[in-house]
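Let me begin by presenting the structure, written as structure tokens, before commenting on it.
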There are 2 protein chains.
Amino acid sequence: MSVSIKDIANALNLSKATVSWILSGQGESKGFSEKTIKRVKEYAKSVNYRPNLVARSLSLGFSKTLGLVIPFLRDSYYAQMAYYIEKEAAKNGYSLIVCSSEGDGNKEYELIYTLIAKRVDGLIIAPTKTEVKGIKYLQKLDIPFVLVDRYYQNMETNYVIVDNFGSAYELVEALVNKGAKKIATLVTDAHLFVMKQRVEGYSAALREAGVKEDFALKVFVDRQNYRVDIDEKLDCLFREVPDVDGFFFTTHYLAMAAIRYMVKRGVDYHRFKMGVFHTMAGLDVLAPEMAATVFPIEELGAEAVDILLANIREGKDFVLQAKVLQNTFLPSIGDE
Amino acid sequence: MSVSIKDIANALNLSKATVSWILSGQGESKGFSEKTIKRVKEYAKSVNYRPNLVARSLSLGFSKTLGLVIPFLRDSYYAQMAYYIEKEAAKNGYSLIVCSSEGDGNKEYELIYTLIAKRVDGLIIAPTKTEVKGIKYLQKLDIPFVLVDRYYQNMETNYVIVDNFGSAYELVEALVNKGAKKIATLVTDAHLFVMKQRVEGYSAALREAGVKEDFALKVFVDRQNYRVDIDEKLDCLFREVPDVDGFFFTTHYLAMAAIRYMVKRGVDYHRFKMGVFHTMAGLDVLAPEMAATVFPIEELGAEAVDILLANIREGKDFVLQAKVLQNTFLPSIGDE
DNA sequence: TTGAAAGCGCTAACAC
DNA sequence: GTGTTAGCGCTTTCAA
């Protein structure tokens, strides 16, 4: 096995305490002699000593590790989020345990439970559905956590989200200003609060512009197999509203899927006024004229971590923080 | 603070040992009375007991946690890899600490060092550059690890990679069979062994087909700012070889960037015979006719974990495993 | 059928 | 300047 503080202490005829202090950098402030400090450090290096952080965690009561629970790490959106969260965490000396809940509430709960057992110092969660068992549990145990991307209206938690309503409003308003009269919206995961907000933003912008809403223009796509479901739904849309002239995609991959559909059906989609919530690579070349509202993903990740760390630091005295970030409006994604 | 085994023992007038055994499910096999077992379990639940896994780790000597070091979690390719690795790890009861090395060898070393200190049971690494300090360190300490995606020819390690040479060969051969004579290849991160292999596969396929290689057809793009660098390099290519009629993209985003360029320059790229190593969303609609060789990412992740766990389990007796997976050849990405 | 006690590696209050 | 010691929460051997 690897060498421990005790081994070093024995070899050098010193006490564990001395070695511990010196190795954790408190040698000088504790007033140890130059000689001893040097002796310990050199010996430690020579025998390849590396601290056992799990012992340290047990002793200190914190692990310098955070937990992240997201629906799907393979989704580029969450992957980016995870990336920036990890980055900010690392900057502050924390590691990140990443878990995918697969959009399953029970799994989410299991993961949270395990993370707690592993004694992470706090967690960041992009919650799934309306399952709140895990969240409630965290609250009961008084463990710091912050919700990202989605949140619950009726619960007091830290959270950082984007202004879904406002961004959608701004986007749809732009489409209207470009002259679109019959703007369809494509929606998926419609049960999510954030999605509802986007759709409300859409409705509000239309209302404000004096355009009457048409239910036939609201297209709901099944998330699970959206790539096939969208064909059917769009066929239906074009049948019912042949003169549709605009599209508001509530999320990036719906835009991509819709364009895939148009190309397949031979529809010249460039004639539509289009806007997408959160863009993705490829869209910019397929439809450079498309407007977009882009997530401040980096900021979102960093904010989440900062709030979490503040919560961890301040403990009981911490007052919950809710942050609503603003998207960036991009008139056309081609010139980003 | 949270309740511990000791608290339960005190409250129930039992010993810590008894409680520990019962709570870890060995109650019946140890032969405790029904009554005691029930009493302990119920009490534990009533006070919301949850085990402290760090204490458990310290005592047992393993953490049931793995470490993953990849260049960039925000890259969709690595994100997917991380996703499948986490999935397989979770299936086996392990958590995953994910870290991005940012393609920086020193950072990679730091991360490995920290992961070791946190006493992960093993690590999976997609190494950067030719920096092997971290790897050497792991070997010296005899800590189980497996390399993915990239590996070092001159070192004895576990690794799982794809057949880069073979896949590239197959792809370029297909382009030749479609009639392409002057096939350019776009390369980035050319110093990487895997990239070299792909380029060699390209060369070999040309050689085999009796096509003379033209250095002007080899386009090297700077990874850091490939989106701007590629314009200049392609301008140069078209100037020097105006009748280029095929493209072999050594990685997905180069294909996307090249198409972005073509669209910008008004080049009808559909006339080219094209092939890409590893595809991405959007390419299928932009160039459905493009051939591709797709990574078995899921298999790669799962294999890596399985090998790592076997190594952890068998320890000294484990014989290192090298696995070369086969890509799937896709004649045209439009019909996947 | 249950308990006592040592130990995992590290920290920190308190001594000398 | 340096050492003693108790303790973090859990496992496990040995005893009773």
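Sequence lines set the chain letters: A, B, ... in the order given, protein chains first and strands last, and positions in each chain run from 1.
- Close to D:dC8, at under 4.0 Å from its OP1 or OP2, lies no side-chain N or O of B:S4.
- Looking at B:R150, its side chain does come within 3.5 Å of a backbone N or O of B:P127 through a donor-acceptor pair.
- Counting to the nearest Å, the C1' atom of D:dG1 and the CD atom of A:E28 are 13 Å from each other.
- Residue-level contact check: A:D7 touches neither bases nor backbone, having no heavy atom under 4.0 Å from any strand.
- In this structure, B:R119 and A:P51 approach most closely via the heavy-atom pair NH1-O, 3.3 Å.
- Residue B:L23 contributes atom CG, which lies 9 Å from atom P of D:dC10 at whole-angstrom precision.
- Nucleotide C:dC10 holds its P atom 15 Å from the NZ atom of B:K118, rounded to whole Å.
- Here the shortest heavy-atom pairing between B:M81 and B:A126 reads CE-CB, 4.2 Å.
- Taking atom CZ of A:R50 as the reference point, atom P of C:dC10 lies 10 Å away to the nearest angstrom.
- A pairwise comparison of heavy atoms in A:A82 and B:L73 identifies CB-CD2, 3.6 Å as the closest pair.
- Proximity of the aromatic rings of B:F193 and B:Y152 is defined here by a centroid distance below 6.0 angstrom, and this criterion is not met.
- Between the C1' atom of D:dG7 and the CG atom of A:L58 lies a distance of 9 Å, rounded to the nearest Å.
- Heavy atoms only, all atoms of each residue included: A:G103 and A:T128 are closest at CA-CG2, 3.3 Å.
- At the heavy-atom level, B:L14 lies under 4.0 Å from the strands shown only through sugar-phosphate atoms.
- Phosphate proximity of D:dG1 to A:T36: absent, as no side-chain N or O sits under 4.0 Å from OP1 or OP2.
- At whole-Å resolution of the value, CG in A:N52 and C1' in C:dC8 are 8 Å apart.
- If you take CG of A:N10 and P of C:dG9, they are 12 Å apart, rounded to a whole angstrom.
- Protein atom CZ of A:R119 is 9 Å distant from nucleotide atom C1' of D:dG9, rounded to whole Å.
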Could you write out each protein N or O paired with an N or O of nucleotides 11-13 of chain C at a distance under 3.5 Å?
from, atom 1, to, atom 2, distance (Å)
C:dT11, OP1, A:R56, NE, 2.7
C:dT11, OP1, A:R56, NH2, 3.4
C:dT11, OP2, A:S20, OG, 2.7
C:dT11, O4', A:S59, OG, 2.9

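- Checking D:dC10, D:dT2, C:dC8 against every side-chain atom of A:K6, the shortest atom distance belongs to C:dC8.
- Of the candidates B:I116, B:T157, B:V132, B:I116 is the only one forming a side-chain contact (heavy atoms from CB on, under 4.5 Å) with B:L138.
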